[in-house]
Student: 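I'd like to ask some things about the structure below.
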There are 2 protein chains.
Amino acid sequence: MAEKASRRAGDRGGDPLEALVGRVREAGGRMTAHRREVLAALAERHHWSAEALTEAIQARVPDIAASTVYRNLEELERLGLVVHSHLGHGPATYQLASGAHGHLVCEACGADFEADESLFAGLAAEAERRHGFEIRPYHFAVLGYCAACRAEAPGR
Amino acid sequence: MAEKASRRAGDRGGDPLEALVGRVREAGGRMTAHRREVLAALAERHHWSAEALTEAIQARVPDIAASTVYRNLEELERLGLVVHSHLGHGPATYQLASGAHGHLVCEACGADFEADESLFAGLAAEAERRHGFEIRPYHFAVLGYCAACRAEAPGR
DNA sequence: GTGCTTGCAAACGTTTTGCAGACTC
DNA sequence: GAGTCTGCAAAACGTTTGCAAGCAC
């Protein structure tokens, strides 16, 4: 569960981590070892809750404080590198802005379907037309019932 | 701000409060004075946060405990009379199930547009077709930017 | 050297819980 | 009378803050 600690994390397709580091510097942010760990963890998977992210990083870097993770997420979000989503009743989840996408979350079983942006095209157009409103579909989950749960409790 | 306390609240179309009381009893719930106050307040307006609802009821019935309001909301939701929505980053808001509707909430200024169900018709159809997913559009707010805020900060 | 970043610990605001007593049915 | 509902107080939960020391630039 500790892997090879503090190596280049997130190995898929080039090295997105270094690109992120560059963007932090461009935006005037400093690059500390702990901030790098936060970025590395975010590059590894989607949908980290702040708490899970903290635990995952502490497995590699035991002396990182939870408040540091929270402050980094806040700062990275201000810099535009990170966005958060609300996937239902639990805490917010964080992801790299480059991987932002919408969600369908089942209220019964908690299943989480990543939604293609095109799913929201109609809603986006209607909201714009009727209200002049520009939606950001990745910032919220669309709650409802998944196919499996609907089959189990058809008359909900 | 205190109106005429403990009168029939929510006067549109008959007496919805008594209908609600009846539904609680049908569902096996008991009707206490405090539960009636919760229902009456919910019938008066939409989008109560639990805290605001508690304060409003305490203005009439000073000895009602906050935990009683929370437990009533939970119970009424289980009975299907009440639903809650997440309108952004703040606490959840509660409303009578009969008045449930979707929302567009501006991330910049917090403005809240009540959304006609038809706004979600396209999304509902697509989610159903692609994922077999049945959305519940009133349970979440669609976040984004309203027309006024877009005009102020066009290049967001 | 400047000032952003950090750990620690405490505070925060909202919601949940345990319990004994009060109430509805 | 049986079982639900209640107030009170304390705990839980996830997150934020103040401070002094540490580090990037």
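Just so it is clear: chains get the letters A, B, ... in the order the sequence lines come, proteins before strands, and each one is counted from 1.
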Student: Using salt bridge (charged side-chain N to carboxylate O under 4.0 Å, His left out) as the criterion, list what pairs up with A:R25, not counting sequence neighbours.
Tutor: none

Student: Mind running a 4.0 Å heavy-atom check of residues 70-86 of chain A against DNA chain C and sending the residues that fall below it, in number order?
Tutor: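 Here the set is A:R71, A:N72.
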
Student: For A:E51, check salt bridge (charged side-chain N to carboxylate O under 4.0 Å, His left out) against everything at least two apart and list the hits.
Tutor: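 Per chain and number, A:E51 pairs via salt bridge (charged side-chain N to carboxylate O under 4.0 Å, His left out) with no residue.
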
Student: Can you name the salt bridge (charged side-chain N to carboxylate O under 4.0 Å, His left out) partners of A:R23, sequence neighbours left out?
Tutor: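 A:R23 satisfies salt bridge (charged side-chain N to carboxylate O under 4.0 Å, His left out) with no residue once adjacent residues are dropped.
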
Student: Quick check: do B:E117 and B:H101 have side-chain heavy atoms less than 4.5 Å from each other?
Tutor: no

Student: In whole angstrom, what separates B:E55's CD from C:dG13's C1'?
Tutor: 13 Å

Student: Check every strand shown and say whether A:S67 touches a base, only sugar-phosphate, or nothing at a heavy-atom separation below 4.0 Å.
Tutor: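 Result for A:S67 = base.
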
Student: As a test of reading the structure: which of C:dT14, D:dG14, C:dT6 is closest to the side chain of A:H34, going by heavy atoms?
Tutor: C:dT6

Student: Starting from A:L87, walk the hydrophobic network (Ile, Leu, Val, Met, Phe, Trp, Tyr; side-chain heavy atoms closer than 4.5 Å) and list everyone else you reach, by chain and number.
Tutor: A:V105, A:L143

Student: Within this structure, what is the CD1-to-C1' distance between A:I64 and D:dC23, rounded to whole angstrom?
Tutor: 14 Å

Student: N/O contacts under 3.5 Å, protein versus nucleotides 22-25 of chain C?
Tutor:
residue, atom, partner, partner atom, Å
C:dT24, O2, B:R30, NH1, 2.7
C:dC25, OP1, B:R25, NE, 3.1
C:dC25, OP1, B:R25, NH2, 3.4
C:dC25, OP1, B:M31, N, 3.2

Student: Nearest-nucleotide wise, let me know which of B:A50 and A:D63 is further upstream toward the 5' end of DNA chain C.
Tutor: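 Per heavy-atom nearest nucleotide, the more 5' residue is A:D63.
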
Student: Measure from CZ on A:R35 to C1' on D:dG22 and round the result to the nearest Å.
Tutor: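 These atoms are roughly 15 Å apart.
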
Student: With a cutoff of under 4.5 Å between side-chain heavy atoms, which Ile, Leu, Val, Met, Phe, Trp and Tyr residues group with A:L119?
Tutor: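 A:L104, A:F113, A:F120, A:L123, A:F133, A:I135, A:F140, A:V142, B:L104, B:F113, B:L119, B:F120, B:L123, B:F133, B:I135, B:F140, B:V142, listed by chain and number.
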
Student: For A:Y138, which residues count as a side-chain hydrogen bond (donor to acceptor under 3.5 Å, both in side chains) partner, sequence neighbours excluded?
Tutor: A:R136

Student: I'd like to check the salt bridge (charged side-chain N to carboxylate O under 4.0 Å, His left out) partners of A:R130; sequence neighbours left out, ordered by chain and number.
Tutor: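 For A:R130 the salt bridge (charged side-chain N to carboxylate O under 4.0 Å, His left out) partners, ignoring immediate neighbours, are A:E126.
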
Student: Rounding to a whole Å, what distance do you find between A:H89:NE2 and D:dG14:P?
Tutor: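 Atom NE2 in A:H89 sits about 15 Å away from atom P in D:dG14.
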
